[in-house]
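Worksheet for the structure shown next.
Chain letters run A, B, ... following the sequence lines, proteins first and then strands; every chain starts at 1.
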Amino acid sequence: MSETMMLDGRAVPYGKTIRDLVKGRDVVAAKIGGTAVDLSTELTGTETVETIKGDSKEGLNIIRHSCAHIMAEAVKALFPDARPTIGPSTEDGFYYDFDRDTPFSVEDLAKIESKMAELVKADQPFIRKVLLKKDAIDFFKENGEPYKVEILNDITDPEVSTYEQGSFVDLCRGPHVPSTGYVKAFKLLSVAGAYWRGDEKNKMLQRIYGTAFASKDALKDYLNFIEEAKKRDHRRLGRELELFMISDDIGPGMVVFMPKGGILRSILEEFEKRLHLKNGYDIVYGPSLLRGKLWEISGHMDNYKENMYFSEVDSQLYGIKPMNCLSHIQIYKSKVRSYRDLPLRYFELGSVIRHEKSGVLHGLLRVRQFTQDDAHIFCRPDQIVEEVTSVINLVDKVMAIFGFEYEVEVSTRPDKSIGSDEDWKLATEALIESLDKKGLPYDINEGDGAFYGPKIDIKIKDAIGRKWQCATIQCDFALPQKFDIHYIGADGGKHRPVMLHRVVFGSMERFIGVLIEHYAGAFPVWIAPVQAVVMNITDSQADYAGEVVAKLRDADIRVEFDDRNEKIGFKIREARLAQVPFMLVIGDKEKSENIVMIRDRSGQQNPSTVDEFIKMVKNANPLA
RNA sequence: GCCAGCGUAGCUCAGUGGUAGAGCAGCUGAUUCGUAAUCAGCAGGUCAAGGGUUCAACCCCCUUCGCUGGCUCCA
């Protein structure tokens with residue numbers, strides 16, 4: 001056996017800790033055979049060792065997790081009545097949940113932060129200890145930490161590890177940075193309530209959010225990013241650009257599209273109609289109010305009642321639709337279907353109303369009344385994979401048009417659900433097969449499916465990285481059975497079709513909300529509510545400018561005429577603030593040469609004829 | 001729904017136990033001026049709503065509504 005082993009590709013001797021072998025404090029932990037370990041690990045084997053730097057994704061997680069421990073130490077020192085529960089790292093920071101009767105205040109954050117700074121300065125080592133589970137239980141019981149005891153009771157391993165720094169000991173798998181001084185840049189961000197173990201039946205704990213970075217500059221960059229993101233918040237831009245409003249007088253979660261938002265939505269809806277017709281869908285419309293009986297058959301009365309609105313008409317119970325499927329099923333049932341008819345694809349821009357809990361409402365992204373670009377595909381079991389694949393292709397095409405990157409998740413059977421185990425298995429496998437065929441990576445969300453079937457969720461990100469589910473494809477074996485729909489097969493027998501529920505935008509509201517943030521209000525020309533503002537320099541060009549406006553309007557260009565008695569600089573400023581893609585400036589020169597000066601959002605200017613400009617705008621439509 | 005914070009003019013925000021201010025926007029007038037703000041004047045508020053404490057409440061207390069950040073839930 002040789003006397004050395006490999007560390008980041010260089011030969012190093014045995015018998016030393018990793019920390020002995022790396023210089024400085026850029027390296028925060030290491031990986032041996034793919035498992036992250038502390039730098040205090042002594043090298044004894046022949047494995048290959050790779051270091052983890054603080055500015056890598058893995059390294060950041062370790063720094064943040066260690067920072068969470070430091071925060072817990074600070075909290076326990078300042079508030080001895082706070083009982084620590086769990087404190088993981090997250091995608092862009094960390095949190096720690098405490099059980100405490102008095103919630104933390106914003107002022108408390110500052111105190112905790114300065115205590116943490118002290119602890120960091122003290123550069124206390126993180127000390128890992130491995131002990132028997134029963135000894136750990138005794139220790140945390142004695143220490144008055146019932147939550148740690150509860151976690152330990154769920155652990156099956158006989159041995160567990162703890163990490164100790166200063167006066168604080170936490171049950172933890174690790175790894176951690178070698179000492180508190182490794183945490184060079186951190187900030188506490190907010191306090192919030194959170195249920196113990198994420199279950200609303202449990203006690204609400206006090207959560208403190210924070211973040212940490214490998215350097216002060218990186219932290220500063222992140223805080224700047226948050227500030228910049230706030231500027232593109234769709235609620236702010238929605239008001240500034242006069243796209244939509246949510247009025248107190250009307251009610252929470254109810255969106256009013258104002259003229260600018262109205263035209264934007266209308267353009268997107270026309271786009272969707274054409275897209276679906278091109279892809280073999282039929283356009284249908286269903287009513288908002290459907291008999292209560294129908295919702296009983298569908299299972300909504302048992303599974304979704306608390307989210308629905310009801311109305312009694314002529315002593316008959318009616319439910320306002322929270323989804324569009326039932327009308328589409330009635331269309332399917334309107335005549336005998338042959339296997340040759342399938343697949344049938346019914347598309348509806350369907351407005352639904354759901355009683356969402358008040359605390360979840362969020363601008364356009366979470367509302368109570370919304371319009372889905374919904375479709376239901378009725379197909380034979382042997383057509384599922386092909387149909388799902390074609391929906392995925394459609395989604396992919398649309399996301400590319402708008403420049404969205406997306407993440408895919410497959411959600412499996414939840415506790416509260418209907419249908420047989422075999423159906424769920426078949427449907428879930430079909431969804432996964434389609435994704436595999438397309439070569440799309442995906443995560444599995446166990447138990448996150450709809451109550452009637454498994455689903456593929458496609459999530460796109462808003463300005464500050466929050467992910468929103470927009471497109472989704474849901475496989476449903478339950479409703480065809482409940483409504484007893486069938487088709488006549490080649491064998492002359494009755495067979496049960498499969499139903500796919502799917503949306504591409506998700507809802508007009510949410511998609512527009514994400515679009516606003518994605519483009520920061522500067523919409524591409526084909527969807528911009530106003531595509532051009534014509535502006536004259538003085539009154540002497542008003543007549544010619546008016547002719548240009550008329551010509552553009554006649555060519556279906558969305559144009560506004562700024563003929564106010566204002567300076568050209570002021571007109572341009574206003575058009576820029578309104579994020580109008582093109583400004584058509586008309587002075588004496590343009591008038592005499594029968595042209596316009598086109599200024600785009602970047603400030604570039606080019607002279608053009610009106611006809612050329614019209615052609616350019618028309619060509620910007622992706623379905624043109 | 002739960003935890004915390006917040007609610008002053010159309011918007012962004014000051015303000016104090018003694019009956020409200022600024023900037024921008026708006027309106028009026030002047031200005032006709034070639035690429036991100038012309039000047040002047042005017043007007044604008046049951047201080048979210050309801051109740052209470054007080055000689056007196058926008059301010060203190062309670063309730064309701066709404067918003068914000070989270071949690072749970074979701075297109």
Side-chain angles (χ1 to χ4, degrees), chain A residues 95 97 100 102-106 108 189-209 230 233 235-236 239-240 242 245-249 251-253 304 306-307 322-324 350 352 354-374 411 414 448 450 455 457-459 464 466 468-472 474 501-511 513-514 535-542 563-578 583 585-590 597 599 601 603-605:
Chain A
Y95 64 83
D97 287 348
R100 185 171 182 243
T102 322
F104 297 106
S105 66
V106 178
D108 291 338
L189 300 171
S190 60
V191 287
Y195 300 108
W196 166 237
R197 297 198 152 171
D199 188 334
E200 66 180 329
K201 290 184 194 78
N202 288 343
K203 188 168 186 185
M204 180 151 278
L205 308 170
Q206 303 304 320
R207 174 172 297 183
I208 302 177
Y209 280 97
K230 278 185 191 162
D233 186 313
R235 292 165 298 185
R236 171 193 178 127
R239 185 179 54 241
E240 287 174 0
E242 298 176 7
M245 63 188 286
I246 293 172
S247 153
D248 260 24
D249 295 329
Y304 208 72
E306 61 272 28
N307 285 298
M323 42 255 295
N324 305 299
V352 297
R354 299 180 185 177
H355 182 257
E356 301 290 351
K357 291 176 181 174
S358 59
V360 306
L361 302 175
H362 181 91
L364 288 181
L365 300 182
R366 192 73 186 273
V367 296
R368 285 192 173 146
Q369 171 163 351
F370 54 99
T371 299
Q372 297 179 302
D373 57 333
D374 207 359
S411 298
D448 218 21
K455 57 179 181 172
D457 287 335
I458 284 135
K459 301 197 172 183
I464 56 173
R466 279 185 292 215
W468 292 94
Q469 180 180 316
C470 289
T472 173
Q474 309 183 344
H501 310 247
R502 44 104 291 171
V503 287
V504 178
F505 284 176
S507 74
M508 299 313 296
E509 288 77 4
R510 177 173 290 178
F511 197 72
V514 181
M535 41 188 82
N536 56 329
I537 290 174
T538 68
D539 286 347
S540 63
Q541 307 96 30
D563 61 346
R564 293 174 301 171
N565 173 17
E566 294 288 354
K567 289 184 166 180
I568 195 68
F570 184 75
K571 293 183 181 184
I572 283 172
R573 176 186 155 77
E574 294 214 329
R576 288 287 290 119
L577 291 173
M583 283 148 268
V585 178
I586 293 174
D588 286 335
K589 181 173 159 53
E590 287 74 22
M597 185 60 79
R599 187 190 206 275
R601 279 185 288 222
Q604 291 218 345
Q605 294 199 93

Let's see if you can work this out: which of [options] has an atom nearest to the side-chain heavy atoms of [X]?
{"X": "A:D588", "options": "B:A75, B:U72, B:G34", "value": "B:G34"}
{"X": "A:V367", "options": "B:A75, B:G70, B:U35", "value": "B:A75"}
{"X": "A:V585", "options": "B:G34, B:A4, B:C71", "value": "B:G34"}
{"X": "A:K589", "options": "B:G34, B:U72, B:U32", "value": "B:G34"}
{"X": "A:Q372", "options": "B:U38, B:U32, B:A75", "value": "B:A75"}
{"X": "A:V360", "options": "B:U38, B:G1, B:A75", "value": "B:G1"}
{"X": "A:T538", "options": "B:U32, B:C74, B:G1", "value": "B:U32"}
{"X": "A:P252", "options": "B:U38, B:C67, B:C71", "value": "B:C67"}
{"X": "A:R573", "options": "B:G1, B:A37, B:G69", "value": "B:A37"}

**Study point:** Ionic contact status for A:E574 with A:R564, cut-off 4.0 Å
**Key:**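 A salt bridge is present here (some side-chain N lies under 4.0 Å from a carboxylate O).
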Check your understanding: Looking at A:D199 and A:R197, does any basic side-chain N land under 4.0 Å from a carboxylate oxygen?
Key ->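 No, A:D199 and A:R197 are not salt-bridged.
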When the [atom1] atoms of [N] and [M] are considered, how many whole Å apart are they?
{"N": "B:G50", "M": "B:U16", "atom1": "P", "answer": "25 Å"}
{"N": "B:C61", "M": "B:C74", "atom1": "C1'", "answer": "38 Å"}
{"N": "B:C67", "M": "B:U8", "atom1": "P", "answer": "14 Å"}
{"N": "B:U38", "M": "B:G1", "atom1": "P", "answer": "48 Å"}
{"N": "B:A25", "M": "B:G41", "atom1": "P", "answer": "15 Å"}
{"N": "B:A9", "M": "B:U54", "atom1": "P", "answer": "30 Å"}
{"N": "B:G26", "M": "B:G18", "atom1": "C1'", "answer": "33 Å"}
{"N": "B:A57", "M": "B:C47", "atom1": "C1'", "answer": "11 Å"}

Interatomic distance, [X] [atom1] vs [N] [atom2] [rounded to whole Å]:
{"X": "A:N202", "N": "B:G70", "atom1": "CG", "atom2": "P", "value": "22 Å"}
{"X": "A:D108", "N": "B:G5", "atom1": "CG", "atom2": "C1'", "value": "13 Å"}
{"X": "A:E242", "N": "B:G10", "atom1": "CD", "atom2": "P", "value": "15 Å"}
{"X": "A:L577", "N": "B:A25", "atom1": "CG", "atom2": "P", "value": "11 Å"}

Please state whether the phosphate of [N], meaning OP1 or OP2, lies under 4.0 angstrom from any side-chain nitrogen or oxygen of [X].
{"X": "A:S358", "N": "B:G1", "answer": "yes"}
{"X": "A:H362", "N": "B:G69", "answer": "yes"}
{"X": "A:Q469", "N": "B:A75", "answer": "yes"}
{"X": "A:R235", "N": "B:G69", "answer": "yes"}
{"X": "A:K455", "N": "B:A75", "answer": "yes"}
{"X": "A:R239", "N": "B:U12", "answer": "yes"}
{"X": "A:R100", "N": "B:C3", "answer": "no"}

Is there a Watson-Crick or G-U wobble partner for [N] with both distances under 3.5 Å, and if so, which one is it?
{"N": "B:G10", "answer": "B:C24"}
{"N": "B:C2", "answer": "B:G70"}
{"N": "B:U31", "answer": "none"}
{"N": "B:G50", "answer": "B:C62"}

When only distance counts, do a donor and an acceptor, one from the side chain of [X] and one from the base of [N], lie under 3.5 Å apart?
{"X": "A:R207", "N": "B:C71", "result": "no"}
{"X": "A:E590", "N": "B:G34", "result": "yes"}
{"X": "A:Q605", "N": "B:U35", "result": "yes"}
{"X": "A:Y195", "N": "B:G70", "result": "no"}
{"X": "A:R510", "N": "B:C74", "result": "yes"}

Practice item. Looking only at non-hydrogen atoms, find the nearest pair between A:K230 and A:R236 and report the distance. Key: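 Reported closest heavy-atom pair: O-CD, 3.7 Å.
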Review point. For A:D199 and A:G359, take the nucleotide of RNA chain B holding the closest heavy atom to each; which residue's nucleotide lies nearer the 5' end?
Key: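 Looking at the nearest nucleotide for each, A:G359 comes out on the 5' side.
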Check your understanding: Considering heavy-atom distances to RNA chain B, does A:D448 or A:G253 have its closest nucleotide positioned more toward the 5' end?
Key ->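 Nearer the 5' end of the strand: A:G253.
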Review point. Just by distance, do the side chain of A:R366 and the backbone of A:L361 share a donor-acceptor pair under 3.5 Å?
Key: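 Not at all, since once roles are kept as given, no pair shorter than 3.5 Å links the two residues.
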Practice item. Flag the pair A:M583 / A:Q605 as yes when at least one side-chain heavy-atom distance between them is below 4.5 Å, and no otherwise. Key: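 When only atoms from C-beta onward are counted, A:Q605 and A:M583 do not touch, as no gap falls below 4.5 Å.
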Check your understanding: Do the side chains of A:K571 and A:N536 get nearer than 4.5 Å, heavy atoms only?
Key ->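 Yes, close enough: below the 4.5 Å cut-off.
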Check your understanding: Which part of the nucleic acid does A:Y209 contact within heavy-atom distance under 4.0 Å: base, sugar-phosphate only, or nothing?
Key ->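 Sugar-phosphate only.
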Exercise for review: Take A:H362 and A:R235, measure what side-chain contact (heavy atoms from CB on, under 4.5 Å) needs, and give me the verdict at the end.
Suggested key: CA-CA 9 Å; A:H362 181 91; A:R235 292 165 298 185; 3.4 Å; yes
Practice item. Could you say whether the aromatic ring of A:F370 and the base of B:A75 stack, counting only centre distances under 5.5 Å and plane angles under 30°? Key: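 Yes; centroid distance and tilt both under limits.
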Review point. Does the side-chain contact (heavy atoms from CB on, under 4.5 Å) test come out yes or no for A:E356 and A:V367, once each step is laid out?
Key: CA-CA 7 Å; A:E356 301 290 351; A:V367 296; over 6 Å; no
